[in-house]
Amino acid sequence: MLSDCLLNNFRITAQIGSGAYGLVFHVVDILTSREYAVKTVFKSSSMDEFYNKNGLNNNSQVARTTLLQTQLYHFFKSFQKKLFLPSVDLDSILQLTESELNRLPHYREIAFQLKVQSHGNIVKIHQVLESSIATFIVMDYYDRDLFTSIVDHKHFTNDGVLVKKVFLQLCSALDHCHRLGIYHCDIKPENVLLDRNDNAYLCDFGLSTKSKYLAPNVCVGSSYYMAPERILYCLNTTTNGMHVDECCSKLPTDTGDIWSLGIILINLTCIRNPWLKAHQNEDNTFHHFANDNNVLKKILPISDDLFSVLTSILQLNPYTRVDIKNLMSQVSSLTSFTREGPLSQVPILSNEVYMTHIIRNENLYLDGSSHFTVDQEQIQEQQQIQEQQEQEEQEEQEQEEEGVEQESDIPSTYNSDGSMEKYEYTNNHNNTTFLSSSIDSTPYQSDIDDFGASKDCKFQQDTLRNRLLCLQMNFSTLTDGSNEKWLPDY
Ligand SMILES: Nc1ncnc2c1ncn2[C@@H]1O[C@H](COP(=O)(O)OP(=O)(O)OP(=O)(O)O)[C@@H](O)[C@H]1O
């Protein structure tokens, strides 16, 4: 519908993605013939006006994409299909203060991505164009995402080095984000893009946050990949030989991302998800895993080596999860992913392979024993970041003490696209969790600073994800007989 529309020097060729408040287009620069992706984020005020004017209920997810397309079409049409828009200085976006970001919530995603995009495995933003109804984010374009590549193309089934490469690049990108104080919170294969040489690029910072800690049960992310403490925080959990303190009022955000990496590692090696959600009461498989993690070996064709890596990632206690550097070291040293088949033998990565194909622009390197060491420059950079974070935390604390109202940096900007189903959890004081389908337009309402309060939180479940097989079975039957019959073909 929008093909042949011109946005400055970019010709729109096709729509390649959609969200509740946004659409993603493939465009070609008519001056250089280079391809780009343009994410169009509609301003919530313009959306509300549009819905009200047309007497529409903005809760209908199915209708949303069409409405966004229609609104954009009319906008282009009123300018003879040629829009000439001013670009916003990228440095000025990086300088936006917390209160400015609260007034311009759709700029939060852009600001966070700009902050981390110097890493070679993060999608780069080139321009931000501003109009009255939407902001257009011009980014590098990649024609495959990791989900399609794993599930549809079966691209990783025969190539253990490729699994390591993509996984380690993703780890490296995430480590970079965490070192800069940005926590992605929506790590999943759909948010990892691949270039023609199978290099991975992390995208979609729409749910990312600067909060180093989140209250238990603050649900943020996509259900299959979400860490258990974001879904149902168990008091006095003692499973898997660990103990989560009952009094814990805040939990680290970074280790939630690490949990998601563990699920991606399972996707890459087994082409399946272990459970629909890490909820002990509502997910049978996860419930059994929480009582005995050896279940993973029964439900997945994984080698003992991979099992031990997964055990270090999928710790119920967020504080005992492996850190990213150790995880990278463990994965690069793995000699097998599965018990049988092409992934049952995988080479250990040499320093050279690691440096050339995996880390590229980073300062990390492997020493002879395959452990990561960090150079002096990196240590200094980390110290500076840590000092800056400590200063920010101190300022926040001072503000709190002075009674200044805290501003949450949980995104509250725009919805997920029609392909996602959203579910709302309300966790009350009795620790009873209700599940109800929600088509509310605001993804997250939690006040993250009010740790004591009951939490209203919502998270998304991508219906398309059902293409990735999930092991949902009658567990007594599983433990009864041969496991193989429960393993879907792949
Ligand atoms: N730079 C890009 N190159 C190619 N495709 C892209 C790019 N950015 C996004 N896409 C495509 O558009 C889809 C939606 O993009 P993105 O996830 O950033 O938007 P969103 O509105 O936040 O969606 P969601 O609600 O599903 O998270 C992606 O899954 C991907 O298929």
Side-chain angles (χ1 to χ4, degrees), residues 10 12-29 34-44 47 61-62 64-65 67-69 72 105-110 112-114 116-117 121-128 134-153 173 184-196 199-209 220-226 260 411-423 439-444 458-465 467-468:
F10 303 108
I12 296 177
T13 58
Q15 188 184 312
I16 51 177
S18 66
Y21 274 77
L23 301 168
V24 184
F25 297 99
H26 172 264
V27 302
V28 176
D29 185 334
R34 240 192 102 169
E35 296 173 293
Y36 292 92
V38 172
K39 184 164 174 172
T40 310
V41 182
F42 288 79
K43 295 171 182 177
S44 45
M47 288 297 295
Q61 286 204 20
V62 183
R64 240 180 234 149
T65 303
L67 289 174
L68 294 178
Q69 287 167 336
L72 201 56
H106 61 295
Y107 268 83
R108 189 180 299 279
E109 168 181 357
I110 305 172
F112 287 180
Q113 191 167 337
L114 284 173
V116 295
Q117 70 174 16
N121 299 106
I122 294 178
V123 172
K124 277 186 190 39
I125 294 176
H126 293 279
Q127 287 184 37
V128 174
T135 303
F136 298 87
I137 309 163
V138 183
M139 297 177 283
D140 279 332
Y141 168 76
Y142 301 101
D143 62 2
R144 275 181 305 152
D145 69 32
L146 186 58
F147 177 78
T148 316
S149 206
I150 294 173
V151 179
D152 295 344
H153 304 160
H184 190 280
C185 292
D186 199 14
I187 297 293
K188 58 179 178 179
E190 294 90 330
N191 287 340
V192 179
L193 304 173
L194 295 173
D195 69 14
R196 281 171 197 154
N199 291 305
Y201 300 87
L202 183 59
C203 71
D204 193 2
F205 284 74
L207 297 182
S208 59
T209 177
V220 55
S222 301
S223 58
Y224 294 6
Y225 298 88
M226 214 186 297
S260 313
S412 57
T413 52
Y414 35 85
N415 290 338
S416 58
D417 74 33
S419 68
M420 293 278 195
E421 277 177 17
K422 283 189 277 176
Y423 294 87
I439 45 170
D440 195 311
S441 62
T442 314
Y444 305 101
K458 298 171 185 176
F459 68 94
Q460 311 165 339
Q461 182 175 10
D462 186 349
T463 49
L464 285 176
R465 303 251 2 120
R467 283 192 288 153
L468 194 58

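Both backbone and side-chain heavy atoms feed into the values below; hydrogens, waters and symmetry mates do not. Atoms within a ligand are numbered from 1 in the order they appear, just like the ligands themselves.
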For Gly17, atoms of ligand 1 separated by under 4.0 Å from a heavy atom: 12 (O), 13 (C)
Supply the atom-to-atom distance Gln117 CD to His126 NE2, rounded to the nearest 0.5 angstrom. 7.5 Å
Rounded distance [0.5 Å steps], CD1 in Ile12 versus CG in Leu72: 6.5 Å
Would you mind running through ligand 1 and noting each atom that sits below 4.0 Å from a heavy atom of Glu190? 29 (O)
Just verifying a value: how many Å separate Cys203 SG and Asp145 CG, rounded to the nearest 0.5 Å? 8.0 Å
Under 4.0 Å between heavy atoms, the region of His26 that gets near ligand 1 turns out to be neither
Checking heavy-atom distances from atom 23 (O) of ligand 1 to each of Asp204, Leu194, Leu207, the winner is Asp204
Does the side chain of Asp29 pick up a donor-acceptor pair with the side chain of Tyr36 at under 3.5 Å? no
As an exercise, identify every atom of ligand 1 less than 4.0 angstrom from a heavy atom of Tyr141. 3 (N), 4 (C)
Looking at OH of Tyr142 and OH of Tyr201, how far apart are the two atoms once the value is rounded to the nearest 0.5 Å? 4.5 Å
Does Lys39 form a salt bridge (Lys or Arg N to Asp or Glu O under 4.0 Å) with Asp204? I'd like the steps, not just the answer. CA-CA 10 Å; Lys39 184 164 174 172; Asp204 193 2; 3.6 Å; yes
Any idea which of Leu193, Asp140, Val24, Thr40 brings a heavy atom closest to atom 30 (C) of ligand 1? Leu193
Just which atoms of ligand 1 are under 4.0 Å from any heavy atom in Asn191? 17 (O)
Using distance alone, decide if ligand 1 has a nitrogen or oxygen within less than 3.5 Å of any nitrogen or oxygen in Tyr142. yes
